[in-house]
Amino acid sequence: MKSEDTVDVVLIGGGIMSATLGSLISRLQPDWSIRLYERLGRVAQESSNPWNNAGTGHAALCELNYMPEAADGSVSAAKAVSINEQFQVSRQYWAHLVESGALPEPRSFINSTPHMTFVRGRSNIDYLKKRVDVLKGEPLFQGMEYSEDLDTIAEWAPLLAKKRNPKSKIAATRIESGTDVDYGALTVQLLRDIQSRGAEIRTDHQVTSLKRLKDGTWRLKVRNLVGNTPESVRARFVFVGAGGGALALLQHSGIPEIKGYGGFPISGQFLRTTDPKIVAQHQAKVYGKAAVGAPPMSVPHLDTRVVDGETSLLFGPYAGFTPKFLKTSTWFDLPFSIRLHNIVPMLQVGLRNFDLVRYLVSELLASREKKVNALREFMPAAKSKDWELITAGQRVQVMKKDPEKGGVLQFGTEVISGADGSIAGLLGASPGASTAVPIMLEVMQKCFPDRMDEWEPMIREMIPSYGTTLSQDPDAAAASLARTAAALQLTA
């Protein structure tokens, strides 16, 4: 085994979260040493890979699951506004990096793509009207258009209207300031930048264990998969940004904060077309409503994607189930994650989510023709031969203790940190990547509270709205949207 060295920050996992945290720390504390370990031969190959996610800049402009209708029929904008606020923080940071030359041509990772919602049936139309009425006064949602007219919707997104019954009851919204983001390209570019600032990126290296030492540092055992040789490193701070692999590593660390947490893996597939004639007829991300019992991440959507400069269309996702926590991991991930402290919450989640189980079974049994028929609800003229089925990344939803229900299934992301701030990790899924910057700022606030006052001026320089709320200041919101749009070459 090689001799053991010590670094200030170890990042586990080569995805957007580790890349973002490394980028922030390298600027705020440039004298700290940073090392990243990635199990695979290249970074950004799991959830951050552009074909493993829909690339939506999740700003709640089109995702109806952020504004569910309450039992009394009311609709609240609170969560949608919160998600948008977080995305604006990410946008500001990316804009700063482009302006400072740390990131290259912005269109290599972000492109203007209108965000739309599309619903069918009178009850859904009534709901969509309520949503628009609630959002029209929100500063971050200005410019949203609404229509029930087939010709207007055809102008916005021709494929939604082509061969559709003109008597159909439909409605849609559109906001032109939406985006498509290639998080794989962004991850690679962020890591390339921190590498130029002294960080080490070690691919084909798997962290196998973490142990807290008496002096407060962590000893990580690492296996170099090229040659299968063991290594060891000591770290003053560890971030576990390993996606579906984070739960096992946090459990192995022994921190009490991980007790009661489990993971529920959901896999997915998309239909994809690269036919230029079809792609040219659709320039938008169009979200619908999730099926009854379906998880929020399974909301159907027909998306424009720009990956490596090439435009294509994706439709899906079609949910599925495997016990894997990563696309490239083993079938034993789920059973090996079970502990005495999380088995009760996991069982309670299973008992309380029969609708989800039934939905996943139906998705697993769905034929290709049934999948194409789901596409035809959005695109009536769709032909099966024009579309290929691709497998997306794994998403591991958080299961955790709940004082009232025993255990709950939580959609979203959750930061887990040790009491002394020497270790942190991230569990969960969407809207993760879109909100990577505010999530990593949360990690830093939890783990380095004594340094935040020193770092704050620099953070405000990079993220002007830091510590404020854009949605409560229309002028500041408009100015931020305009500045970041200019820097990132987006539609304002």
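Numbers here simply count residues along the sequence, with the first being 1. Hydrogens, waters and symmetry mates are skipped; everything else that's a heavy atom, side chains included, is used.
With sequence neighbours excluded, the residues satisfying side-chain contact (heavy atoms from CB on, under 4.5 Å) with Gln472 are Thr469. Taking Gln88 as the reference, Asn84 meet the side-chain hydrogen bond (donor to acceptor under 3.5 Å, both in side chains) condition, with sequence neighbours excluded. Applying the side-chain contact (heavy atoms from CB on, under 4.5 Å) criterion to Ser196, with sequence neighbours excluded, gives Asp193. Residues passing the side-chain hydrogen bond (donor to acceptor under 3.5 Å, both in side chains) test with Thr311: none are found, sequence neighbours excluded. Considering only residues two or more places apart in sequence or on other chains, Ala280 meets the side-chain contact (heavy atoms from CB on, under 4.5 Å) condition with none of them. For Tyr287, the ring pair (Phe, Tyr, Trp, His ring centres under 6.0 Å) criterion is met by His301, not counting sequence neighbours. With sequence neighbours excluded, no residue forms a side-chain hydrogen bond (donor to acceptor under 3.5 Å, both in side chains) with Thr187.
In this structure a side-chain-to-backbone donor-acceptor pair under 3.5 Å is present from Glu63 to Leu61. When atom types are taken as modelled, the side chain of Glu257 and the backbone of Ile416 share no donor-acceptor pair closer than 3.5 angstrom. Put simply, the side chain of Ser100 gets close to the backbone of His96: a donor and an acceptor are under 3.5 Å apart. Proximity of a side-chain donor or acceptor of Asp180 to a complementary backbone N or O of Val306 within less than 3.5 Å is detected. Between the side chain of Arg376 and the backbone N or O of Lys371 there is no donor-acceptor pair closer than 3.5 Å. No donor-acceptor pair closer than 3.5 Å links the side chain of Thr56 to the backbone N or O of His58. Without hydrogens or angle criteria, Gln189 side chain to Leu186 main chain gives no donor-acceptor distance under 3.5 Å. Judged by distance alone, the side chain of Ser18 and the main-chain N or O of Gly13 form a donor-acceptor pair under 3.5 Å. Side chain of His115 to backbone of Glu176: no donor-acceptor contact under 3.5 angstrom is found. Side-chain N or O atoms of His205 include one that pairs as donor or acceptor with a backbone N or O of Thr203 at under 3.5 Å.
Using a cutoff of 4.0 Å between basic side-chain nitrogens and carboxylate oxygens, Glu310 and Arg305 are not scored as salt-bridged. With salt bridges taken as basic N to acidic carboxylate O contacts below 4.0 Å, none links Arg202 and Glu38.
Thr173 and Thr117 form a side-chain donor-acceptor contact under 3.5 Å, judged by distance and modelled atom types alone. The closest side-chain donor-acceptor pair between Glu85 and Ser471 falls under 3.5 angstrom. Remark: the Gln92 side chain and the Tyr466 side chain contain no N/O donor-acceptor pair separated by less than 3.5 Å. Donor-acceptor pairing under 3.5 Å is recorded for the side chains of Arg39 and Thr328. Between the side chains of Gln45 and Arg42, a donor-acceptor pair is found at a separation under 3.5 Å. With hydrogens and angles left out, the side-chain atoms of Ser23 and Tyr93 include a donor and acceptor closer than 3.5 Å. A donor-acceptor pair shorter than 3.5 Å cannot be found between the side chains of Ser47 and Tyr183.
Stacking of Arg272 on the aromatic ring of Trp51 is recorded, both the 6.0 Å distance cut-off and the 45° axial limit being met.
Atoms CG and CD1, from Leu441 and Ile463 in turn, are 5.0 Å apart once rounded to the nearest 0.5 Å. Interatomic distance, CD of Glu69 versus NZ of Lys130, reported as 4.0 Å (0.5 Å rounding). Atoms CD1 and CD, from Ile278 and Gln281 in turn, are 7.5 Å apart once rounded to the nearest 0.5 Å. A distance of 8.0 Å separates CD1 of Ile170 from OG of Ser147, quoted to the nearest 0.5 Å. Taking CE of Met452 as the start and SG of Cys447 as the end, the distance is 10.5 Å to the nearest 0.5 Å. Atom-to-atom distance recorded for Glu155:CD and Leu160:CG is 13.0 Å, nearest 0.5 angstrom.
With a 4.5 Å cut-off on side-chain heavy atoms, Arg27 and Leu97 count as touching. Residues Gln283 and Pro114 have side chains in contact (heavy-atom distance under 4.5 Å, counting atoms from C-beta outward). With contacts defined as side-chain heavy-atom distances shorter than 4.5 Å, the pair Leu313/Thr304 qualifies. With a 4.5 Å cut-off on side-chain heavy atoms, Gln29 and Glu454 count as touching. Residues Thr330 and Asp333 have side chains in contact (heavy-atom distance under 4.5 Å, counting atoms from C-beta outward). Between Val286 and Asp303, every side-chain heavy-atom pair lies at or beyond the 4.5 Å cut-off. Residues Leu128 and Leu64 are in side-chain contact: their nearest non-hydrogen atoms beyond the backbone lie under 4.5 Å apart.
Of all heavy-atom pairs spanning Ala487 and Val98, the tightest one is O-CG1, 3.6 Å. Heavy atoms only, all atoms of each residue included: Phe315 and Ala374 are closest at CZ-O, 3.5 Å.
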request  = Check the pair Trp455, Phe448 against ring pair (Phe, Tyr, Trp, His ring centres under 6.0 Å), reporting the backbone distance first and the verdict last.
outcome  = CA-CA 10 Å; Trp455 289 343; Phe448 307 109; 5.7 Å; yes

Leu36 vs Ile194, side chain to side chain contact (heavy atoms under 4.5 Å, CB included): CA-CA, chis, key distance, verdict = CA-CA 10 Å; Leu36 181 146; Ile194 69 169; 5.6 Å; no

key: Stepwise side chain to side chain contact (heavy atoms under 4.5 Å, CB included) check, Phe264 with Leu409   = CA-CA 8 Å; Phe264 185 83; Leu409 183 64; 3.9 Å; yes

task = Determine, step by step, whether Ile266 and Phe321 satisfy the side chain to side chain contact (heavy atoms under 4.5 Å, CB included) criterion, reporting the C-alpha distance in whole Å, the side-chain angles of both residues, the deciding distance to 0.1 Å, and the verdict.
result = CA-CA 5 Å; Ile266 298 177; Phe321 176 81; 5.7 Å; no

ask   = Would Leu427 and Ile258 count as a side chain to side chain contact (heavy atoms under 4.5 Å, CB included) if you check the C-alpha gap in whole Å, the side-chain angles of each, and the deciding distance to 0.1 Å?
value = CA-CA 10 Å; Leu427 302 179; Ile258 195 61; 4.0 Å; yes

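Applying the side-chain hydrogen bond (donor to acceptor under 3.5 Å, both in side chains) test to every pair with at least one member in residues 318-327, sequence neighbours left out, gives these pairs: Asn52-Lys327, Thr322-Gln394. Annotation: side-chain hydrogen bond (donor to acceptor under 3.5 Å, both in side chains) contacts involving residues 481-492, sequence neighbours excluded, comprise Arg91-Thr484, Glu99-Arg483, Arg107-Gln489, Ser112-Thr491. The salt bridge (Lys or Arg N to Asp or Glu O under 4.0 Å) contacts involving residues 131-140 comprise Asp133-Lys136, where partners must be two or more places apart or lie in separate chains. Pairs passing the salt bridge (Lys or Arg N to Asp or Glu O under 4.0 Å) check and including a residue from residues 465-479, sequence neighbours excluded, do not occur. Every pair passing salt bridge (Lys or Arg N to Asp or Glu O under 4.0 Å) that includes a residue from residues 434-448 is listed here, sequence neighbours excluded: Glu442-Lys446.
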